[in-house]
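Below is one structure, written out as structure tokens; the observations come after it.
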Amino acid sequence: MFNQIKLSYSYDALEPHIDTLTMETHYAKHHATYTKNFNEAAEKAGVSDKDVNLILTSLDSIADEPLRKDVRNNGGGFYNHNLYFETISPKGGGEPEGAFKKLIEKNFGSFSVFQDELSCLSIGQFGSGWGWLSAAKDGSLVLSTSANQDNPLMEGKGLIPILALDVWEHAYYLKYKNLRPDYIKAFFNVVDWKAVEEKYDKAISG
Ligand code: MN3
């Protein structure tokens, strides 16, 4: 049984950056539905006892094509939103500190260059999708985007996502309407860099 993470904050805790109704709809409707559908599809595919990371890195092992697509879309939706909600927080915003700040600077030159690059990529993602910061096997940091509910795990390059930027319209339309760049600016006010750093440490130690 795959479970949504429990939010460590209330739906209104990220105001004014992410509004209450968006948070509630996103978590209790969108994410809940992906989770329910993923559980059903994983059961059908006989993979419900497996780790979600393993399922998403070995989708090819599901022979039935419609079922594989179902596991991909809903498993992605389940996993991606867990990461999204885990790495935003009312305590977020600002810049990373310490070792993770140094790592960002080593990989991108500066935090503001990193922020610009992830923002530009995510603004440019055509249609629904995600912007990603991932850890590579050699410990370096990699930016990318994906369509739909795909994620870097599915690309077979050994990347492990550590920060997920949801740019589906359901993530911002109620407050920001068509202004995706404004939402992305606001998103950076709630990124919990301590949580991202923990994801990184776990990714490279595994
Ligand atoms: Mn979403």
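Every number for a ligand or one of its atoms is a count from 1 in the order of the listing.
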Self-check item: Qualifying ring pair (Phe, Tyr, Trp, His ring centres under 6.0 Å) pairs, either residue in residues 145-164, two or more places apart
Solution: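 Listed by first then second residue: nothing to list.
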
Quiz prompt | ring pair (Phe, Tyr, Trp, His ring centres under 6.0 Å) partners of residues 86-107, not counting sequence neighbours, each pair once | solution = Phe100-Tyr200

Practice problem: List the steps and the verdict of ring-ring contact (aromatic ring centres under 6.0 Å, His included) for Tyr34 and His81. | Solution: CA-CA 9 Å; Tyr34 285 121; His81 287 95; 5.4 Å; yes

Quiz prompt | Residues His31, Tyr84; criterion ring-ring contact (aromatic ring centres under 6.0 Å, His included); working and verdict | solution = CA-CA 10 Å; His31 191 196; Tyr84 177 78; 9.3 Å; no

Self-check item: Neighbouring protein N, O or S atoms of the Mn ion (ligand 1) [cut-off: under 2.8 Å, no waters]
Solution: His26 NE2, His81 NE2, Asp166 OD2, His170 NE2

Practice problem: Flag the pair Lys194 and Glu198 as a salt bridge only when some basic side-chain nitrogen lies within less than 4.0 angstrom of an acidic carboxylate oxygen. | Solution: no

Self-check item: For Glu169, side chain to side chain donor-acceptor pair (under 3.5 Å) partners two or more places apart
Solution: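 None.
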
